[in-house]
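Excluded from the calculations below are hydrogen atoms, water molecules and symmetry mates; all remaining heavy atoms, backbone and side chain alike, are included.
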Amino acid sequence: MATILKSSEREFIENPNKIDGFRLFSDISKIKKGVEPQNLNFDLRQLNPGQYCAAYHFHRYAEELFMIISGSATLRTPEGLEVVGAGDLIFFQMGAEGAHQLYNHTDEPCVYLDIRTFFGCDICEYPDSNKLLIAPTFETFDKDAQLDYYAGEENIREKWEQLKYKTE
């Protein structure tokens, strides 16, 4: 079945839980039409002047593609800063090489299509703040808190002994 999301039916609303400087708006027409992609996630975004799209990040298990529909913004990648504008396509590969962030340096809104693969889960890494985010639960962790796989498992025999007595 094809679902048409008419431009005349667009309604941009602010994404919840954002803070000053990161006020991003998304078109909710796909939600209103009941579009629920399983593997191809997409959103039409509006980035207003003086705002960042998200914290500088990369995806470990997703590729992403932006198409600038109107306006312009400054793109941050590992290579530095570059101005992008209407008609530009920007592909972000998985991993640190695909790190990105948009900032609207202009006086006009920048509207762009954000398309990303999604196969059930992803891990986003944030180099500036040293965080990891697990999607889709949005649990966020400090990367420095990484533990050895067997940390806390040293007393496994005692745990089994406790369980054994409960079953007798």
Side-chain angles (χ1 to χ4, degrees), residues 1-7 9-71 73-79 84 88-104 109-153:
M1 177 174 100
T3 303
I4 299 172
L5 305 173
K6 294 280 195 179
S7 60
E9 298 172 352
R10 290 210 169 82
E11 181 184 349
F12 287 97
I13 64 164
E14 186 175 343
N15 292 25
N17 304 319
K18 298 290 182 176
I19 63 170
D20 287 338
F22 294 92
R23 305 273 184 215
L24 184 65
F25 289 72
S26 294
D27 174 36
I28 61 167
S29 63
K30 81 174 186 182
I31 296 168
K32 287 182 171 182
K33 293 256 181 151
V35 175
E36 296 179 16
Q38 294 187 10
N39 298 318
L40 181 66
N41 243 338
F42 65 93
D43 286 289
L44 191 62
R45 310 275 196 193
Q46 179 176 299
L47 186 61
N48 289 325
Q51 299 295 307
Y52 297 88
C53 67
Y56 184 63
H57 69 286
F58 63 87
H59 301 266
R60 289 190 179 176
Y61 303 106
E63 296 172 316
E64 198 163 12
L65 179 74
F66 290 174
M67 179 175 186
I68 309 297
I69 306 293
S70 64
T74 301
L75 173 67
R76 176 185 173 193
T77 68
E79 288 78 40
V84 293
D88 290 347
L89 283 170
I90 309 124
F91 172 72
F92 306 106
Q93 66 190 60
M94 285 187 262
E97 300 83 12
H100 59 279
Q101 181 181 44
L102 279 179
Y103 171 71
N104 187 340
C110 176
V111 175
Y112 64 98
L113 181 61
D114 177 355
I115 303 169
R116 57 212 169 275
T117 56
F118 186 74
F119 297 104
C121 70
D122 186 19
I123 297 174
C124 293
E125 190 165 328
Y126 299 85
D128 291 347
S129 54
N130 209 39
K131 294 183 303 229
L132 295 173
L133 177 141
I134 299 172
T137 62
F138 292 95
E139 296 169 90
T140 306
F141 301 92
D142 184 331
K143 189 176 175 193
D144 285 339
Q146 185 172 355
L147 299 173
D148 179 76
Y149 178 78
Y150 290 104
E153 303 295 337

Exercise. Locate the shortest heavy-atom distance separating C53 from Y112; write the atom from each residue and the value.
Key: CB-OH, 3.3 Å

Exercise. Would you name the heavy atoms of L5 and S29 that are closest together and state the gap between them?
Key: CD2-O, 3.9 Å

Exercise. Enter the distance from L24:CG to F12:CZ here, rounded to the nearest 0.5 Å.
Key: 9.5 Å

Quiz item: Is the number of heavy atoms from other residues, nucleotides or ligands under 6.0 Å of E139 CD greater than 12?
Solution: yes

Quiz item: Which is it for N130 and D144 under the side chain to side chain contact (heavy atoms under 4.5 Å, CB included) test, yes or no, and what are the steps along the way?
Solution: CA-CA 7 Å; N130 209 39; D144 285 339; 2.9 Å; yes

Self-check item: Rounded distance [0.5 Å steps], NE2 in H59 versus CE in M94
Solution: 11.0 Å

Practice problem: Please say whether more than 12 non-hydrogen atoms of neighbouring residues, nucleotides or ligands are located less than 6.0 Å from CG in N17. | Solution: no

Quiz item: So, S26 versus R45: side-chain donor-acceptor pair below 3.5 Å or not?
Solution: yes

Self-check item: Minimum heavy-atom distance between E11 and D27, given as atom pair plus value
Solution: N-OD1, 2.9 Å

Exercise. Tell me, with the steps shown, if I115 and L40 meet side chain to side chain contact (heavy atoms under 4.5 Å, CB included).
Key: CA-CA 7 Å; I115 303 169; L40 181 66; 3.4 Å; yes

Quiz prompt | Distance under 6.0 Å and angle within 45° of ring axis: R76 vs Y103 | solution = no

Quiz item: Any salt bridge between K143 and E125, counting N to O under 4.0 Å?
Solution: yes

Quiz item: Could you give the distance from CD1 (I69) to CG (L113), rounded to the nearest 0.5 Å?
Solution: 5.5 Å

Exercise. Check whether more than 12 heavy atoms from other residues, nucleotides or ligands sit under 6.0 Å from atom CD1 of I4, and answer yes or no.
Key: no

Quiz item: When R116 is tested against each of D122, N39, D43 for side-chain hydrogen bond (donor to acceptor under 3.5 Å, both in side chains), which residue passes?
Solution: D43

Practice problem: To the nearest 0.5 angstrom, please state how far the CG atom of L47 sits from the CG atom of N104. | Solution: 5.0 Å

Practice problem: From the options F91, Y52, Y126, F66, select the one residue that forms a ring pair (Phe, Tyr, Trp, His ring centres under 6.0 Å) with H100. | Solution: F66

Practice problem: Rounded to the nearest 0.5 Å, what's the gap from CD1 on I28 to CD1 on I13? Could you check? | Solution: 4.5 Å

Practice problem: Supply the atom-to-atom distance F58 CZ to E97 CD, rounded to the nearest 0.5 angstrom. | Solution: 8.5 Å

Practice problem: Quick one: closest heavy-atom pair of Y149 and E153, and the distance? | Solution: O-CG, 4.4 Å

Quiz item: Is the count of non-hydrogen atoms from other residues, nucleotides or ligands lying under 6.0 Å from F119 atom CZ greater than 12?
Solution: yes

Practice problem: Indicate whether the side chain of Q101 and that of H57 have a donor and an acceptor atom separated by less than 3.5 Å. | Solution: no

Quiz item: Given side chains that start at C-beta, do those of V84 and I90 come closer than 4.5 Å, heavy atoms only?
Solution: yes

Practice problem: Could you tell me whether K30 sits above the aromatic face of F42, with NZ or CZ closer than 6.0 angstrom to the six-membered ring centre and within 45 degrees of the axis? | Solution: yes

Self-check item: Shortest non-hydrogen contact between P78 and A99, atoms and distance
Solution: CD-O, 3.4 Å

Quiz item: Are a donor atom and an acceptor atom from the side chains of N48 and Q46 found within less than 3.5 Å of each other?
Solution: yes

Quiz item: Taking all atoms of both residues into account, what is the closest heavy-atom pair of Y61 and T117, and its distance?
Solution: O-OG1, 4.4 Å

